[in-house]
Amino acid sequence: MRMSQFFLPVLKDTPAEAQIVSHRLMLRAGMIRQSSAGIYSWLPLGFRVLKKIEQIVREEQDATGAQELLMPTIQPADLWRESGRYDDYGLEMLRITDRHERDMLFGPTNEEVITDIFRGSIRSYRQLPLNLYHIQWKFRDEVRPRFGIMRGREFLMKDNYSFDLDTEAARHSYNKMFVAYLRTFERLGLKAIPMLADTGPIGGDMSHEFIILADTGESEVYCHADYLDFTAPDAGVDYESDLSPIIAHWTSRYAATDEKHDAVQFENEVPEERRIATRGIEVGHIFNFGSKYSKAMGANVMGADGTEVPVEMGSYGIGVSRLVGAIIEASHDDDGIIWPDSVAPFDVGLINLKAGDEACDSAVNDIYAKLGEAGLDVLLDDSDGRAGGKFATMDLIGLPWQLIVGPRGLKSGVVEVKERRTGERQELSIEAAIASLTGS
RNA sequence: CGGGGAGUGGCGCAGCCAGGUAGCGCAUCUGCUUUGGGAGCAGAGGGUCGGAGGUUCGAAUCCUCUCUCCCCGACCA
């Protein structure tokens, strides 16, 4: 992509409304624009990142055997009356009336719709287990949206729903998602720590929030520093095998949000120098709720013994749009964003320091073509701006690598490769620079 | 929902208290010079001052109502 043709409205000044760093950087880097409180448009650069994250989430879901579908944003109120949540959900639910005066709503979540789909088509335990997910926009009419995309009213969420015959099978479905989440967040370049979460009236230990540590997080969290060195299971993990050892490992140290925090236990279990007390951002939440919805909505299956039982369900959410902000909170410096390779909107920023100069233009066009052929996504700054502005913009939008081509270097046959994360620069021949970026 | 703050050109702001017909920086456009970390000079364009009502000879400025946005708190699978 040539920057001269790319819609990238970067801002030099920080917009007054933005308080936290991810919000400021997303606005400045031309990733989003606010439409109204808690509702944003995604501009091309931001949308690229959103899609990259979405794709990683999708791949890790598919690896577990979960199947993607797509449910609507607008749902009928009647389904929610059946589950009993129409009145319970409160003002956070955006209620809509259509032209026939039917009560509708913009879905804040999808348990009712998925349960309706399930009960209409599944009759037998032989069709289980089943895990369905979608990645869809949600709307929750928060009293006070804030932190830009991190706590918006409209947000993109991956949510899935597992269906099993009994609690043992449901636990396995739960464990699968636990492992998939560890892998997903690791691929996104994040250290996400599973923390025991409140299960409400359901009880039990089958609910975890996945939290990344960040000063700007919304909740206070306490955990053992060992978690920072844990590594997620690799891609070869067998989801049909017994996953409980992995879960045991990842729940072996103290980790709790303030609602579940026990100061005495924390001090007893964690040596002082290993205690982490900071703030965190919730990026995922997995939950088993048994037969709460299946009972209320009549989602039953016939068991092997010929008796009909309500299906055991769980739901699992990842805040896809929130992750964009969360990654920035975890990875930035004074100059701007530092994208992990896996979600960067482009792989390389190619800077032509002197557009219009014959030698620079031809070298840059040649490099651009070769990097493209090698499968890299390149953003070429072919504008006729000044060097300082180009460097500042490239640092701001945070592409992992910069390749800087200027008349001075070209005279001695070299270009500069800069790693955004470390700031390290290397002068290399054009061929060597291409080779280092393409890994060949 | 309680408390606080703000709406003036695309962005950041001044002007408001002590009413007199809108200004600064950045950005944009033109020209010249410049060119490796957000250039200089000269010129130009762009604003129903959030909206509605009122007071006044005259309102960005005073009064009333209203809308929107932000911050703190409460709230939040």
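Nothing here was measured: the structure is a model prediction, and the numbers come from that model. In the text below, chain A, chain B and the rest are named by the order of the sequence lines, each starting its count at 1.
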Quick one: label A:T14 by what it contacts on the DNA or RNA (base, sugar-phosphate, nothing), any heavy atom closer than 4.0 Å. sugar-phosphate
Taking 4.0 Å as the cut-off, does a side-chain nitrogen or oxygen of A:Q19 come that near to OP1 or OP2 on B:rC72? no
Specify whether A:F287 and A:H285 have parallel, tilted or perpendicular ring planes, treating 30° as the upper limit for parallel and 60° as the lower limit for perpendicular. perpendicular
Measure the distance from CG on A:D395 to C1' on B:rG38 and round it to the nearest whole Å. 11 Å
Among B:rG37, B:rG38, B:rG36, which is the nearest nucleotide to the side chain of A:T393? B:rG38
Per-nt protein contacts along nucleotides 3-9 of chain B (heavy atom under 4.0 Å; B base, S backbone sugar-phosphate only, - none) come out as -------
Pairwise P distance for B:rA14 and B:rA6, with rounding to whole Å: 9 Å
Residues A:H261 and A:Y254: side-chain donor-acceptor under 3.5 angstrom: yes
Measuring only the P atom in each nucleotide, how far is B:rG50 from B:rC16? A whole number of Å is fine. 15 Å
Which residue lies toward the 5' end of RNA chain B, A:G317 or A:K354, if each is placed at its nearest nucleotide? A:K354
Whole-angstrom distance between B:rC11 and B:rU21, as gauged at atom P: 27 Å
If you draw a 6.0 Å radius around CG in A:D98, do more than 12 non-hydrogen atoms from other residues or ligands fall strictly inside? yes
Could you give the NZ-to-P distance, from A:K390 to B:rU35, as a whole number of Å? 15 Å
Does the structure show a Watson-Crick or G-U wobble partner for B:rU35, both distances under 3.5 Å? Name it, or say none. none
If I pick the C1' atom on B:rA44 and the same atom on B:rU55, what distance separates them, to the nearest angstrom? 40 Å
Nearest whole angstrom, please: distance from the C1' of B:rG37 to the CG of A:N352. 16 Å
Let me know the distance between CD1 of A:I404 and C1' of B:rG37, rounded to the nearest Å. 10 Å
Are any non-hydrogen side-chain atoms of A:S321 and A:Y40 less than 4.5 angstrom apart? no
Parallel, tilted or perpendicular: which fits the ring planes of A:Y181 and A:F185, with parallel below 30° and perpendicular above 60°? perpendicular
Between A:Y293 and A:E416, who's closer to the 5' end of RNA chain B by nearest nucleotide? A:E416
With distance as the sole criterion, is a donor-acceptor pair present between the side chains of A:Q402 and A:D395 under 3.5 Å? yes
Separation of the P atoms in B:rA59 and B:rG51, to the nearest angstrom: 15 Å
A:R322 to A:F155 six-membered ring, cation-pi geometry met (6.0 Å, 45°): no
Summary of protein contacts for nucleotides 22-28 of chain B, nucleotide by nucleotide, where a base hit scores B, a sugar-phosphate-only hit scores S (4.0 Å, heavy atoms): ---BSS-
Distance check: side-chain N/O of A:R386 vs OP1/OP2 of B:rA39, anything under 4.0 Å? yes
Between B:rC26 and B:rG38, how far is it from one C1' atom to the other, in whole Å? 11 Å
Can you tell me the Watson-Crick or wobble partner of B:rU61, both distances under 3.5 angstrom? none
Looking at A:Y293, is A:R119 sitting on its ring face, NZ or CZ under 6.0 Å from the six-membered ring centre and within 45 degrees of the normal? no
Any strand: nucleotide that pairs with B:rU30 via Watson-Crick or wobble, under 3.5 Å: B:rA42
Under 3.5 Å on both distances, the Watson-Crick or G-U partner of B:rC24: B:rG12
Over 12 non-hydrogen atoms of neighbours within 6.0 angstrom of CG in A:L91: no
Once you apply a heavy-atom cut-off of 4.0 Å, does A:G409 come out as touching a base, just sugar-phosphate, or nothing? base
Can you tell me how far P of B:rG10 sits from CD of A:Q34, to the nearest Å? 17 Å
A:F391 side chain: which of B:rG36, B:rG38, B:rC75 is closest? B:rG36
Would you indicate what A:A16 reaches in the nucleic acid, counting non-hydrogen atoms under 4.0 angstrom: base, sugar-phosphate, or nothing? sugar-phosphate
Under 4.0 Å between any heavy atoms, over every strand shown, what does A:K418 touch: base, sugar-phosphate, or nothing? Just pick one. base
Which heavy atom of A:I327 sits nearest to which heavy atom of A:I53, and what is that distance? CD1-CD1, 3.8 Å
Does the ring of A:Y86 carry A:R95 above it, NZ/CZ under 6.0 angstrom from centre and within 45° of its axis? yes
Applying the 3.5 Å cut-off to both distances, the Watson-Crick or G-U partner of B:rA18 turns out to be none
Quick one: A:I149 CD1 to B:rC70 C1', roughly how many Å, whole number? 16 Å
Now, which nucleotide makes the Watson-Crick or G-U wobble pair with B:rC1, with each of the two distances under 3.5 Å? B:rG73
Identity of whatever pairs with B:rU56 - Watson-Crick or G-U, under 3.5 angstrom: none
Return the value, rounded to whole Å, for the distance between atom CG of A:L11 and atom P of B:rG12. 8 Å
On a whole-Å scale, what distance lies between the P atoms belonging to B:rC63 and B:rA18? 10 Å
What's the closest nucleotide to the A:R28 side chain, out of B:rC1, B:rG12, B:rG38? B:rG38
Taking atom C1' in both B:rA74 and B:rU28, what distance in whole Å separates the two? 45 Å
Figure out the CD1/P separation between A:I20 and B:rC70, and round it to whole Å. 13 Å
Please confirm whether the ring centroid of A:W80 lies under 6.0 Å from the ring centroid of A:Y89. yes
